[in-house]
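Here's the structure, in structure tokens; my notes come after.
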Amino acid sequence: MNSYKYLPDDDNALELINGLASEKVLAIDTETTGLDPLNDRLRLIQIASFNTPVLVIDYWKCEPGVKEALRTLLSNDAVKVFQNAKFDINFLKSEKIVLGGPIFDTMIAGRLLWSPSGPPGFSLAALSEFFLGETLPKEEQTSDFSGDLRKEQLEYAARDASVLLELRSIMAPALKANGLVDIAKIEFNCTRAVADIEYRGIAIDRNNWEKLTEVTRAAHETAEKDLLSYAGNTVVQPDFFGNTTTVGINLNSNQQVLELLAKNGVNVPDTSKYSLSQYKEKPVVKSLHEYRKASKMLSGFLDPLPTFINSKTGRIHAHYSQIGAYSGRMSCTGPNMQQIPRDNEFRKCFIPAPGKMFILADYSQIELRVAAQISHDERMIEAYRHGGDLHRLTASLITGTPLNQITKQQRQAAKAVNFGLIFAMGARGLQSYAGDTYGVEMTLDEAEAFRDRYFLAYKGIKKWHDSIKAKPPRVSRSLTGRRYFHREDTGLAALYNTPVQGTAADIVKNALGKLMDTLSDIDAGIVAVVHDEILIEAAEKDAEEAAVILKNTMESAGEQFMVDVPLVADAHLASSWAEK
DNA sequence: TCAGTTCGCGCG
DNA sequence: AAAGCGCGCGAACTGA
């Protein structure tokens, strides 16, 4: 067991803390009374460094002078090592301790370094076992840091901090040896932004949300009645609360819905949208669609979302997993802000605080641009370089129509073609994708013809696909160097897609990290990020400037990697998340 | 009864 | 041979 000092009881806290001022690397862990930095409290701050015992600082016992010394120390330029840094950063933030210097996050480093040989997970214990060969003793999950602390708790707390320091000593050279320094810098720098997004949260217009809930509940009941008229032998029973129970059939059971459909002449293998697409004109299928739509809105969004409103701030503080997807994209939970319906009725319920404005910004066709860069498709690169409209170009190339005569319908179809075929969608898939997503009906023959002509037009894309097809890679990388190990059974589509999606994510993360600096002089902060879209909340007086900064920061965030293809971002002021 | 899996669908 | 990819979540279903 490493030596440690429990402060301020055991020694002179002020002197020991100030003594760390010249250390270039500090490993920091915290213990708290819970998981929510807005409602729970910071209790211990453990600081490990190379030359002194671990300081285990009981924040509740610290005099103002000691707290001030901590604030000064943690704001300095030393590298700060954490496991899941955003957690600690936000608890420190709740005590007005603002972290300075570069971050090294062992959990993120672990994910970047992952290979099929391990680590099997990314907890501190798993990382320690894999990278250091040290087994950490099991800690009690229920460890309570709100009362008197046991010696054992202090020892564990101290050990976790010292393990961080050891991990970095191994992981930092490993990142370098594996060509992961560029992406590690992007990720570590982005962590501050992710922490900030979670801490700020986003405001919601509760009245409007409730109104929308009521309207949708009414639509749900109507759809339920419609659908039940096809079922027969069912009874709807209202209860005391005005809710209804249907006896005889459960419309949420796909097994039962399958029977209902069969009774009405719709014979399908399953009840998915795909299987039902050929029957979509039948009234029973239309009713089912209406019913499911309303059910999804209610159970997926309208009912659960209010439960996430934080009691302290009245805002929604979602959790972002910085490397949530294997591609490198972020994922989001509690609630998942990345799947809020696009419908303006939903989006207009997300609003800036009084006196503030939103700036909504998104990249234009970032994945297509990345695919152009990765494949070096000359025609695509030229089009993007000259600010051309790629969808219009594709429409022209696959229909043989002159560019200036392309109809809106043709351009819509080309959108489906561009987004679908770049990732190996088949003719059948393209057909239904075009119908569902862009409202464009095409025959299977047309879809096949578009597919053929697409690959004739974009020879670079064809070559890129062909080379992957000829020798499916077991390892590939995004343009920043993020590494992917592909399983033997990984399909072609995933092989094409992963580095493209990942590169786009890398660029967005680079932008997020830079924004923490470029926005620092004005009253503005990031409140949500949805893959290729960044939402900022800014004081009204600073909103115009924030929009300019946001656009410029996003567009320049890819320069280092997108050497042949420019990035374009649109940013505009808004009084809600609903686009104008 | 309950944890784990599957289906279906919201988003980019 | 043929194939869009990546997520999270609620409800139903499955199996012990």
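In what follows, chains are A, B, ... by sequence order, proteins preceding strands, each numbered from 1. In this text the structure is predicted, and so the values were computed from the model without any measurement.
- Side-chain atoms of A:Thr480 and A:Asp506 include a donor-acceptor pair closer than 3.5 Å.
- Remark: A:Tyr320 pairs with no residue by the ring pair (Phe, Tyr, Trp, His ring centres under 6.0 Å) rule, at least two apart or across chains.
- Applying the salt bridge (Lys or Arg N to Asp or Glu O under 4.0 Å) criterion to A:Glu187, with sequence neighbours excluded, gives A:Arg482, A:Lys509.
- Across all their heavy atoms, A:Ser375 and A:Trp464 have their closest contact at CB-CB, 3.6 Å.
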Distance-only donor-acceptor hits, side chain of residues 447-455 of chain A, under 3.5 Å, sequence neighbours excluded:
| from | atom 1 | to | atom 2 | distance (Å) |
| --- | --- | --- | --- | --- |
| A:Arg451 | NE | A:Met425 | O | 3.1 |
| A:Arg453 | NH1 | A:Ile398 | O | 2.3 |

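- Listed by chain and residue number, A:Arg217 satisfy the salt bridge (Lys or Arg N to Asp or Glu O under 4.0 Å) test with A:Asp303 (two or more places apart in sequence, or in another chain).
- The footprint of chain A on DNA chain C, defined by a heavy-atom cutoff below 4.0 Å, extends from C:dA3 to C:dT14.
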Base-pair map of DNA chain C as dot-bracket, where | denotes pairing with a different strand and pairs are Watson-Crick or G-U under 3.5 Å
....||||||||||||

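- For the residue pair A:Gln373/A:Asp564, the side-chain donor-acceptor check at 3.5 Å is satisfied.
- For DNA chain B, the contact window with chain A, defined by any atom under 4.0 Å from a protein heavy atom, covers B:dC7 to B:dG12 in 5' to 3' order.
- Among the atoms of the strands shown, only primed sugar atoms or phosphate atoms (P, OP1, OP2) are found under 4.0 Å from some heavy atom of A:Gln255.
- A salt bridge links A:Lys280 with A:Glu441: the closest approach of a Lys/Arg side-chain nitrogen to an acidic carboxylate oxygen falls below 4.0 angstrom.
- Not counting sequence neighbours, A:Phe301 has no partner by the ring pair (Phe, Tyr, Trp, His ring centres under 6.0 Å) test.
- Listed by residue number, A:Arg329, A:Gln338, A:Gln339, A:Ile340, A:Pro341 are the residues of residues 321-341 of chain A with a heavy-atom contact under 4.0 Å to DNA chain B.
- Map A:Lys296 and A:Leu492 each onto its nearest nucleotide of DNA chain C; the residue landing nearer the 5' end is A:Leu492.
- Among the heavy atoms of the strands lying under 4.0 Å from A:Arg347 are primed sugar atoms or P, OP1, OP2 only; no base atom is included.
- Note on residues 419-447 of chain A: pairs passing ring pair (Phe, Tyr, Trp, His ring centres under 6.0 Å), not counting sequence neighbours, are A:His391-A:Phe419, A:Tyr433-A:Tyr438.
- A donor-acceptor pair under 3.5 Å links the side-chain atoms of A:Ser295 to the main chain of A:Tyr291, judged by distance alone.
- Using a 4.0 Å heavy-atom distance criterion, A:Gly420 is classed as making no nucleic acid contact.
- Nucleic acid contact for A:Thr271: sugar-phosphate only, since backbone atoms but no base atoms lie under 4.0 Å from a heavy atom of the residue.
- Looking only at atom types and distance, the side chain of A:Trp209 has no donor-acceptor partner in the side chain of A:Glu345 under 3.5 Å away.
- By the side-chain hydrogen bond (donor to acceptor under 3.5 Å, both in side chains) test, A:Asp196 is found to be paired with A:Lys93, A:Arg200, residues two or more places apart in sequence or in another chain being considered.
- For an aromatic pair to be called close, the ring centres must be under 6.0 Å apart, and A:His317 with A:Tyr199 fails this.
- No donor-acceptor distance shorter than 3.5 angstrom exists from the side chain of A:Gln501 to the backbone of A:Ser327, with no hydrogens or angles considered.
- DNA chain C is contacted by A:Tyr433 of residues 430-449 of chain A, taking any non-hydrogen atom closer than 4.0 Å.
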